[in-house]
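Below is one structure, written out as structure tokens; comments come after it.
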Amino acid sequence: MKKKFRKCSDIRVGVVGYGGAYNMGRVHLSEMSAAGMTPVAVAEIDPQRRAVASSEFPQVGVYSSVSEMLLSADVDLVTVVTPHNTHAAVALQCLRAGKHVINEKPLALTVRDCDAMTAAARKSGVLLSAYHNRHWDGCILGAVELLRRRKSIGEIYKINAFKGRREKPADWWRSSRSISGGILFDWGIHLVEYALQLIDEEPVEVSGFAHEGYWARKTRWKSDTNEDEGRAVVRFANGTCLTLTISSLDSNPPRGYFEITGTKGSCVWEHDRYTIYRREGPRIEVEEGGHPPSEHANYYKNIAAHLTGKSHLVITPAKARRLVQILELATRSAREGKTLPVR
């Protein structure tokens, strides 16, 4: 990798994309600044959003294209905050220009693109990562401590994960399959990332299932609309099974993000609390509690620490690639009607 920076403020940062429903360009620049890095650039194609960026960060240069930013701005690290299907192309442009790159999650929509970006980062000697800030959600921090380290329900052998409700897809790019990657690539990327923190094994095969067509005729995207429901069943080397369901059609979703089953009990895990059930004979023991606070700021703190030579990188390209691989295989499996191996 390129030489390390002496201090965090020496790392000059920028974003590609400043719009979106959640103002993510502002979020990223604010978090990078809070981690001690120095915002210097924004690339945004929308002139109205460029004006907003200039008013909110008057000290940064604002550019109408990535090419203009790379040519004119003295930037070291670029975070790509654009629709999913553009992540790889924008990142490759920045990586080949010798910039450290972070992509909003997912890293890309295909393993092939992930591998191309990893090779480009290695060739340029720069950092590549994906913004998996939810790695530090309070719910998963608590689950790792309670279920993995303390083994409060014994050895985990089954996880059922669910997110969704009966709801027409919103009229935005995340509802387009070709842009977003499909229904599994939104909340699914978070839930699989959570699960892989609890399952310390390699996935070996993925089966995917989908229902589609109900909402398509009611949206602007028509046949390109996301699936109504996507499901993935992931088998790991030790036999542990992860079932993931993301639905915009289910009228009666189960309670909680996760139902985690171990050899000594089960856990219903919601975003803000958990309930553990343990049975000994006819008696059921119930344990309830809350989660610790989220620590989302740790993502950019880790990036800054890594670039200044003080820490290893937590969200590596390999970790981000694994998540993409599982979801890509699930989507392919649903389309092809067969289980696919993880290679």
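In what follows, every heavy atom counts, from backbone to side chain, and hydrogens, waters and symmetry copies are set aside.
- Transitive grouping of hydrophobic side chains (ILVMFWY, heavy atoms separated by less than 4.5 Å) brings I326 and W187 into a common cluster.
- Other residues, nucleotides and ligands contribute only 12 or fewer heavy atoms inside 6.0 Å of the CZ atom of R343.
- Looking at H87, its side chain does come within 3.5 Å of a backbone N or O of P106 through a donor-acceptor pair.
- The minimum heavy-atom distance linking A330 with A232 is given by the pair CB-CB, 3.6 Å.
- The cationic group of R49 does not satisfy the cation-pi geometry with Y18, failing either the under 6.0 Å distance to the six-membered ring centre or the 45° limit from the ring axis.
- A donor-acceptor pair is defined here as one N or O able to donate and one able to accept, closer than 3.5 Å; no such pair exists between the side chain of E68 and the backbone of A43.
- Remark: D171 CG to S176 OG distance equals 11.0 Å, nearest 0.5 Å.
- The backbone N or O of T219 lies less than 3.5 Å from no partner atom in the side chain of K168, so there is not a single donor-acceptor pair.
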I140 vs R134, test: side-chain contact (heavy atoms from CB on, under 4.5 Å). Steps then yes/no.
CA-CA 8 Å; I140 188 58; R134 286 185 176 273; over 6 Å; no
The test is side-chain contact (heavy atoms from CB on, under 4.5 Å); show your working for L184 and L244 and say whether it passes.
CA-CA 9 Å; L184 290 177; L244 167 71; 4.0 Å; yes
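- When side chains are defined from C-beta on, V126 does not count as touching V101, because their heavy atoms never get closer than 4.5 Å.
- Within the 4.5 Å cutoff, side-chain heavy atoms of N103 are placed close to those of M117.
- Two residues are said to be in side-chain contact when any heavy atoms from C-beta on lie closer than 4.5 Å; L313 and N302 meet this criterion.
- Of all heavy-atom pairs spanning S333 and G208, the tightest one is OG-N, 2.8 Å.
- Of the residues H28, H296, E104, E31, the one that meets the side chain to side chain donor-acceptor pair (under 3.5 Å) test with Y131 is E31.
- Contact annotation: the side chain of H84 approaches that of W173 to within less than 4.5 Å [non-hydrogen atoms, C-beta and beyond].
- A tilted orientation is assigned to the rings of W269 and Y194, their planes being inclined by 30° to 60°.
- Across every non-hydrogen atom of S178 and D224, the tightest pair is OG-OD2, 2.8 Å.
- More than 12 non-hydrogen atoms from other residues, nucleotides or ligands lie less than 6.0 angstrom from NZ of K105.
- Distance alone, capped at 3.5 Å, places no donor-acceptor pair between the S72 side chain and the M69 backbone.
- In this structure, R335 and T331 have side chains that are in contact, with non-hydrogen atoms separated by less than 4.5 Å.
- Two different hydrophobic clusters hold L198 and V204 under the rule that ILVMFWY side chains link at heavy-atom gaps under 4.5 Å.
- Around atom CZ of R220, more than 12 heavy atoms belonging to other residues, nucleotides or ligands sit under 6.0 Å away.
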Please walk me through it: do V342 and R322 pass side-chain contact (heavy atoms from CB on, under 4.5 Å)?
CA-CA 10 Å; V342 179; R322 176 65 86 207; 3.4 Å; yes
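- With values rounded to the nearest 0.5 angstrom, D115 atom CG is found 9.0 Å from Q325 atom CD.
- In this structure, K151 pairs ionically with E155, as a charged nitrogen and a carboxylate oxygen lie closer than 4.0 Å.
- How far CG of L77 is from CG of L127: 7.0 Å, rounded to the nearest 0.5 Å.
- No side-chain N or O of Y214 forms a donor-acceptor pair with one of S248 less than 3.5 Å apart.
- Salt bridge absent: E44 and R50 never bring a charged side-chain N and a carboxylate O closer than 4.0 Å.
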Does the side-chain contact (heavy atoms from CB on, under 4.5 Å) test come out yes or no for V80 and V66, once each step is laid out?
CA-CA 10 Å; V80 178; V66 178; over 6 Å; no
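- Between Y300 and I102 the shortest side-chain heavy-atom distance falls below 4.5 Å.
- Side chain of R177 to main chain of T225: a donor-acceptor pair is present (N/O by atom type, distance under 3.5 Å, no hydrogens or angles).
- The pair R148-D200 counts as a salt bridge, with a side-chain nitrogen and a carboxylate oxygen less than 4.0 angstrom apart.
- The distance from atom CD of E229 to atom CD1 of I246, rounded to the nearest 0.5 Å, is 9.5 Å.
- Under a cut-off of 6.0 angstrom, the local environment of CG in L92 is crowded, with over 12 non-hydrogen atoms contributed by other residues, nucleotides or ligands.
- H291 contributes a side-chain N or O that, together with a main-chain N or O of E270, makes up a donor-acceptor pair within less than 3.5 Å.
- Side-chain contact check for Y274 and S152: no donor-acceptor pair (N or O, by modelled atom type) lies under 3.5 Å.
- Counting non-hydrogen atoms of neighbouring residues, nucleotides and ligands closer than 6.0 angstrom, the CD atom of E280 reaches no more than 12 such neighbours.
- A distance of 10.0 Å separates CG in L196 from NE2 in H132, rounded to the nearest 0.5 Å.
- With hydrophobic clusters built from ILVMFWY side chains whose heavy atoms lie under 4.5 angstrom apart, I303 shares a cluster with F5.
- Between the N238 side chain and the T240 main chain, a donor and an acceptor come within less than 3.5 Å of each other.
- V78 and I45 are not part of a single hydrophobic cluster, where members link through side-chain heavy atoms under 4.5 Å apart.
- Across all non-hydrogen atoms, the minimal contact from V60 to A41 is CB-N, 3.8 Å.
- For T245 (side chain) and F162 (main-chain N/O), no donor-acceptor pair under 3.5 Å exists by modelled atom type.
- Checked by atom type and distance alone, the side chain of H306 pairs as donor or acceptor with a backbone atom of S311 at under 3.5 Å.
- With a 4.5 Å cut-off on side-chain heavy atoms, W215 and L249 count as touching.
- Using modelled atom types, no side-chain atom of N85 and backbone atom of L109 make a donor-acceptor pair closer than 3.5 Å.
- Between D76 and R12 there is a salt bridge, since at least one side-chain N of the basic residue sits less than 4.0 Å from a carboxylate O of the acidic one.
- Atom CD of E336 sits in a crowded spot, with more than 12 heavy atoms from other residues, nucleotides or ligands closer than 6.0 Å.
- Side-chain contact of S67 with Q93: a donor-acceptor pair under 3.5 Å is present, judged by distance alone.
- Around NZ of K338, the count of heavy atoms belonging to other residues, nucleotides or ligands within 6.0 Å does not exceed 12.
- Closest approach of V324 to V111, counting heavy atoms only: CG1-N, 4.1 Å.
- The minimum heavy-atom distance linking S30 with F57 is given by the pair OG-CZ, 3.7 Å.
- With respect to D10 and K7, a salt bridge is recorded, a charged nitrogen being found less than 4.0 Å from a carboxylate O.
- The side-chain heavy atoms of I199 and V234, taken from C-beta on, include no pair separated by under 4.5 Å.
- Atom CD1 of I276 is separated from atom SG of C267 by 5.0 Å, given to the nearest 0.5 angstrom.
- Linking Ile, Leu, Val, Met, Phe, Trp and Tyr residues whenever their side-chain heavy atoms come within less than 4.5 Å leaves L71 and V62 in two separate clusters.
- A salt bridge is defined here as a Lys NZ or Arg NE, NH1 or NH2 lying under 4.0 Å from an Asp or Glu carboxylate O, and E287 with R278 meets this definition.
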